[in-house]
Amino acid sequence: MLTVANLSKQFGGVHAVQDVSFTIPQGCVYSVIGPNGAGKTTLFNLISGLYTPTSGSIRFEGQDISGQAPDRLARRGMSRTFQNLQICKNLSAIDNVMVGAHLTLNASMFAGMFRWPGLARADRACRERAAALMERVGCGDFITADAAAMPYGALKRLEIARALASDPKILFLDEPAAGLNHTETHSVQTLVAELARSGLTVVVVEHDMKLVMSVSDRILVLNYGRRLAEGTPADIRENPDVIAAYLGADTEEE
Amino acid sequence: MTQISQSPAPRAARSNTGRFIGLATLTTVVALLPLALPNAFYVDVAIRIAILAVNGIALNLLMGYTGQISLGHAGFFGLGAYGSAVLTAHFGWSPLWALLAAAAMTAVIAWGVARVILRLRGHYLAMATLGLGIIISIVLSNETAWTGGPDGMAVDSFSLFGVPLSGERRWYWVFGGLLIGTVILAQNLIDSPAGRALQALHGSETAASVAGIDVGRRKVGVFVLSATVAAVMGSLSAHYAGYINPGIAGFLQSVELVIIVVLGGMASIYGSIFGAVVMGLLPQLLAGYEGWDSVLFGLIMVVTMIVLPRGVVPSLTARLRSTRFGTKGNAPC
Amino acid sequence: MLSELLQFILSGVTLGAMYTLSALGFSMIYNASGVINFAQGEFIMVGGMAASFLSATGVPLPMACVAGVMIAGLVGGLVERWAVAPARDAEVASVIIITIGVSMILRGLTEILLGKRPHALPHFSGEAPITVLGATILPQSLWVLVVGALIVLGLNLFFGRTRIGKGVLATAYDRLAAQLVGVDVRRVLTLSFVLSAGIGAVGGVLITPISTVAYDTGMMLGLKGFVAATLGGLGSGPGAVAGGLFLGLIEALTAGYISSAYKDAVPFVLVFIVLVLRPQGLLGTKPTDRI
Ligand SMILES: Nc1ncnc2c1ncn2[C@@H]1O[C@H](COP(=O)(O)OP(=O)(O)OP(=O)(O)O)[C@@H](O)[C@H]1O
Ligand SMILES: [Mg+2]
């Protein structure tokens, strides 16, 4: 579904992503792991069009999409959340989710000003769907809240609801469990599994190894911007390079 | 259709009733105000306030809702005014066609400019729009053959299908009606998906673009919209006043509009009306106290921004709401 | 022909020195506090007005000039303490409104105290023009150039050598970190206003003998300083110097060769073009947004 070939991104002298290649099959949960600064977020930013690659190519459903703007990629069915939350604090929580549904609504300014027939009805339906999504990701308590008044954990899930509101084909989650407690992490894990079962392709960056190992179909390991390994969770668990470079440092967590 | 029953989104319902009350109040005030205005002078002040309010609301769409500053908006007002004046005086166009042509021309100019400058952020955008406004006013001052230069020029009275529009009282209804119409259209826009997109890109351009919002196009769209509204108001007020000079497009006029928006409250329609009332009345109250008018004006701006940084109307409503419900915000947790 | 060009260049550089001083003030405040101070032009005006008022009441010229600069510096400090500091966390637009409000207050007070008419100062070293290769220059212009250059040098030393100067730089770079290593950030912010008001006032005092000053001359000078600072890249010291001189030269050449009616439009057309081509200014660096 998504094929990345020889992708590189350089910031000044920093090689954030270097010559990375991999393929994400449709309908699976694909995880990207690696130590801090490995280039995971940069990889997401490249794929979702926020950064332009220094070199390399990205193909989505057979078409070259490298360098396309984020909004065009959204039209193709891409959606994502952010490690550093990108919440519109000037809007209510549910409006944030509805922003995610932007492409499904008639968003012409003219239609908006003159209340085009059907506009209000579609918007109301969208609002109800957004509320349902908020329930689904577990922030149903905040349906009437202002985004600015919500705690961190709820905002993380609000981002997932917003990302789902566009009805994407592929969903990128950048550290969905960071800063969440045990039960919250577990519910994220269940949600990811559920989404994958419904046919959505989910790509996850996550430091929580238990979550990664249990939900992923395949895992890509990055280190210093380079691809260190790729394979099934079992492959990765046994890969000596990975154990040396990454899991070795992670054991202190348990 | 009023369905509120266990709707999962009471927020929308609440803002609908609020909206209705606001609009009803505004309409009543506009309708009854003439009874309280003793003579043409006061009607004139009311008209000027309505013009400021419409311009303020249009600029608020750009600044308050979309988060893009403009320090040159009076330039577009001037383009509309001079477009109408020049087309009617030098080319003998009918006022209506002149108005439409001036608005279209301003829209095209705003579009061309917006495409390049709206990539700028913060202070750089402030600088570029400021420059644009000043360039426009300098051109208006210098093209004496067309505009009469710094002395200004006379403008014919407006007539629609041969019926002349004259007298303060008649104009009052035109501008009052425009104000109410602007409020309705602006609120419609804000509550629509398009308005949500504008506010979203204010909150986070990144989030907006990833959600499929073409951030650049949206910014240009709202910039052109508010510039065009300013141009139309410029045309009409030129006809109303019967005389214009380049001062109407100057930096101070642009600043006046920004003050209306910020003082009344960013992202608050009624805030802009409040701001317009203040900015329309103050000069009248302070007229004749040379120097002091400027001092007091400045003091009001500084003190309001320090005490009520979100602007008068949003700060006060927030305060009211929190005392009424005894809580801050409305998150149940 | 050549002497005419030289003439325009000389007057352009004088003008440019003036804009540089205004731009330096902008940049210093912007660096220290992230605020664009729309009252910068008023500091220039206050300096010139105070000096000429004092000189007219019989105070010896050098003392009047120094007092004018000090008064402006005091005003700058008060503006920071009373108007800007209380609004530290406000949005860009709110702070812009505050500084515009301050400029209206200063303009109004000056009008009340000193009236509307233009004020003058005697030339520091006489009015006999000096001839250079067929072009003439007023001794006062030399004053502007020399003092302007000295100020640039002095600022260089101040930021490079002194503890407090480095504190200002540290605050500009990262306010929190500066605070943590013991920089008194509040004092630095006030100081940046005092200094930039003082620098602006020096410009005002020097230029007054040539062009006179009135309560409302500050605005255009301030705006052009803003343009110069933006041209060079907001917050960049060398940028302010380059932007100021460039602006002065272009303005003088336009007035000389193209049209003096449009000379006031030149800065704004210029800044427009520069921003479109290089959104971060000529010498500014482009930040990469981190997401
Ligand atoms: N916009 C940017 N400008 C400059 N350098 C950047 C930028 N974004 C990322 N980097 C650098 O690129 C490298 C990779 O960063 P990235 O954020 O992709 O890591 P990461 O794997 O997501 O780390 P973490 O687990 O901490 O989120 C880092 O060295 C970082 O400093
Ligand atoms: Mg990351």
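Order of the sequence lines sets the chain letters (A, B, ...), proteins ahead of strands, with each chain counted from 1.
Contact of Ile87(A) with chain B is made through the backbone alone, with heavy-atom distances under 4.5 Å. If you measure heavy-atom distances from Arg75(A) to chain B, the contacts under 4.5 Å come from the side chain alone. Heavy atoms closer than 4.5 Å to chain B are found in the backbone of Ser108(A), but not in its side chain. With a 4.5 Å cut-off on non-hydrogen atoms, Leu225(B) touches chain A through its side chain but not through its backbone. Both the backbone and the side chain of Met98(A) come within less than 4.5 Å of a heavy atom of chain B. With a 4.5 Å cut-off on non-hydrogen atoms, Leu119(A) touches chain B through its side chain but not through its backbone. Contacts of Arg72(A) with chain B are absent, with no heavy-atom separation under 4.5 Å from either backbone or side chain.
Heavy-atom neighbours of Phe274(B) CZ from other residues, nucleotides or ligands within 6.0 Å: at or below the threshold of 12. Applying the 6.0 Å contact sphere to CD of Gln26(A) captures no more than 12 heavy atoms from other residues, nucleotides or ligands. Remark: Arg76(A) CZ is packed, more than 12 non-hydrogen atoms of other residues, nucleotides or ligands lying under 6.0 Å away.
Interface remark: of the candidates Thr81(A), Asp123(A), Leu105(A), Asp123(A) forms the most heavy-atom pairs closer than 4.5 Å to chain B. In terms of heavy-atom pairs under 4.5 Å with chain B, the best-connected choice from Arg80(A), Lys89(A), Met78(A) is Arg80(A). Ranked by non-hydrogen atom pairs under 4.5 Å with chain A, the options Ala267(B), Ser209(B), Gly195(B), Ser192(B) are led by Ser209(B).
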Report the C-alpha distance between Arg218(B) and Met109(A) in whole Å, list the side-chain angles of each, state the deciding distance to 0.1 Å, and finish with yes or no for side-chain contact (heavy atoms from CB on, under 4.5 Å). CA-CA 9 Å; Arg218(B) 293 281 156 183; Met109(A) 291 216 297; 4.3 Å; yes

Go through the steps for Leu85(A) and Ser204(B) under the test side-chain contact (heavy atoms from CB on, under 4.5 Å), then give the verdict. CA-CA 10 Å; Leu85(A) 296 179; Ser204(B) 162; over 6 Å; no

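The two residues Val99(A) and Arg196(B) make their nearest non-hydrogen contact at CG2-CG, 3.8 Å. Considering every non-hydrogen atom in both Ala211(B) and Ala74(A), the closest pair reads C-CB, 4.0 Å. Asn90(A) and Tyr65(B) make their closest contact through ND2-O, 4.5 Å (heavy atoms, listed as atom of the first residue, atom of the second, distance).
No side-chain heavy atom of Asn106(A) sits less than 4.5 Å from a side-chain heavy atom of Pro193(B). When side chains are defined from C-beta on, Gln199(B) does not count as touching Asp95(A), because their heavy atoms never get closer than 4.5 Å. Proximity of Thr206(B) to Pro70(A): side-chain heavy atoms (C-beta onward) are nowhere separated by under 4.5 Å.
Asp191(B) CG to Met113(A) CE: the interatomic distance, rounded to the nearest 0.5 Å, is 13.5 Å. To the nearest 0.5 Å, the span separating CG on Asn188(B) from CZ on Phe110(A) amounts to 12.0 Å.
Electrostatic pairing of Arg217(B) and Asp71(A) does not count as a salt bridge here, judged by no charged N lying under 4.0 Å from a carboxylate O.
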